[in-house]
Amino acid sequence: MANGLERGSIPLSELPGGIDLQATLESGQSYCWWRADERTYGAGTDGDDGWYETVVDGDLLRARQTDGELRWEATTDAEPLLYELLRLDDDLEAIRASAAADDVVQDAYDNYWGLRIVADPFFPCLISFICSAQMHVSRIFEMQMALRREYGEEIEVGERTYYDFPTPDALAAATEEELRDLNLGYRAPYVQRTAEMVSEGELTESDVTETAYPAVREELTEFVGVGQKVSDCVCLFSLSCLEAVPLDTWMHTAIEEHFPKCERGNYTDTSDAFRERLGGEFAGYTQTYLFHHLRNED
DNA sequence: ATCCAGGATGTAT
DNA sequence: ATACATCATGGA
């Protein structure tokens, strides 16, 4: 990697419960990070092994897990940012202690121990989960990279070019046709209109964060392309509502197979019942372990 | 070919 | 409030 980057490392022993960086960043909860060796732009893959990258507010941040440390390098002193984005202060032991004792839950925690809920920046999280509707995880990543390439500000670091996530203004100025050309499909107008809402101040992050869950869940659905499920994802993966339990097709199957009594016929009541069944205030953590576990079995 | 993917929206009832 | 058709796209 080029010189000029600030670097640091955090002993895993300082993180309550440690961390599994791969499970954290490849479990389909965040589309703001990518594997450095899978970049589709720029040249070279030297020294990229095991590194994950993101760009936040004009700064490149790279992170890599080694035997005993979480290493990082960035265009700024990014340790506080890393703590925030990866929720490194969360006490995983305490969270697991609150979780349901069922085998399928405990198997999920065993298999992916160290997975942390992320705290993605609001706008990228909002847009990425609008794009997630009826879409495979791998393609959601591709869509976000395409948005960065086409509408994001370029960041030059050494020989490489990185892209920030587009600003609300930049995406609001895109046309539906342009976004369809990036293979967003029917989500194209949702993305444009939601970006416009944020850009024009009709509804912004600060409006939304004035209230707590579940009121914020209700407010988020005012955005175009945001229903109850996507709203719960933004609550959990950006707004630190660890009790939010997004119900996607995998969770509906899990409820059907393992927690049939939680099925209440509609989203809100089923989600509420499932939250209590999984352990309450940290149910979103357990949900994400479950999601990753179920999606990877076989 | 048919079905499915971290669903949401518009319309009719 | 609830039921249903419709919405792009690519992989299995």
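By convention in this document, chain letters (A, B, ...) are assigned in the order of the sequence lines, proteins followed by strands, and residues within each chain are numbered from 1. Note that these values count all heavy atoms, side chains included, but never hydrogens, waters or copies made by symmetry.
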With both pairing distances under 3.5 angstrom for Watson-Crick or G-U wobble, and | for a partner in another strand, the correct string for DNA chain B is .||||.|||||||
If you measure from the ring centre of A/F291 to the centre of the six-membered ring in the base of B/dG6, is it under 5.5 Å, with the planes under 30° apart? yes
Indicate whether any N or O donor in one side chain lies under 3.5 Å from an N or O acceptor in the other, for A/Q228 and A/T268. yes
Between protein and nucleotides 9-12 of chain C, what N or O pairs are separated by less than 3.5 Å?
{"unit_1": "C/dT9", "atom_1": "O2", "unit_2": "A/R139", "atom_2": "NH1", "d": "3.0"}
{"unit_1": "C/dG10", "atom_1": "O4'", "unit_2": "A/R139", "atom_2": "NH1", "d": "3.4"}
{"unit_1": "C/dG10", "atom_1": "N2", "unit_2": "A/H136", "atom_2": "NE2", "d": "3.1"}

DNA chain B nearest-nucleotide lookup for A/S132 and A/V226: closer to the 5′ end is A/S132
Look at the side chain of A/Y186 and the base of B/dG7, then say whether one donor and one acceptor between them are separated by less than 3.5 Å. yes
Looking only at atom P, what distance separates B/dC3 and C/dT6, rounded to whole Å? 15 Å
Please walk me through it: do A/R275 and A/D232 pass salt bridge (charged side-chain N to carboxylate O under 4.0 Å, His left out)? CA-CA 12 Å; A/R275 168 177 22 268; A/D232 265 333; 5.7 Å; no
May I have the distance from A/L220 (atom CG) to B/dG6 (atom C1'), rounded to whole angstrom? 16 Å
Evaluate the side-chain proximity of A/T209 to A/F122: yes if any heavy-atom separation is below 4.5 Å, no if none is. no
A/E222: partners by side-chain contact (heavy atoms from CB on, under 4.5 Å), with sequence neighbours left out: A/L203, A/E219
Identify whether any heavy atom of A/G28 sits under 4.0 Å from a base atom; if not, whether one sits that close to sugar-phosphate; answer base, sugar-phosphate or nothing. base
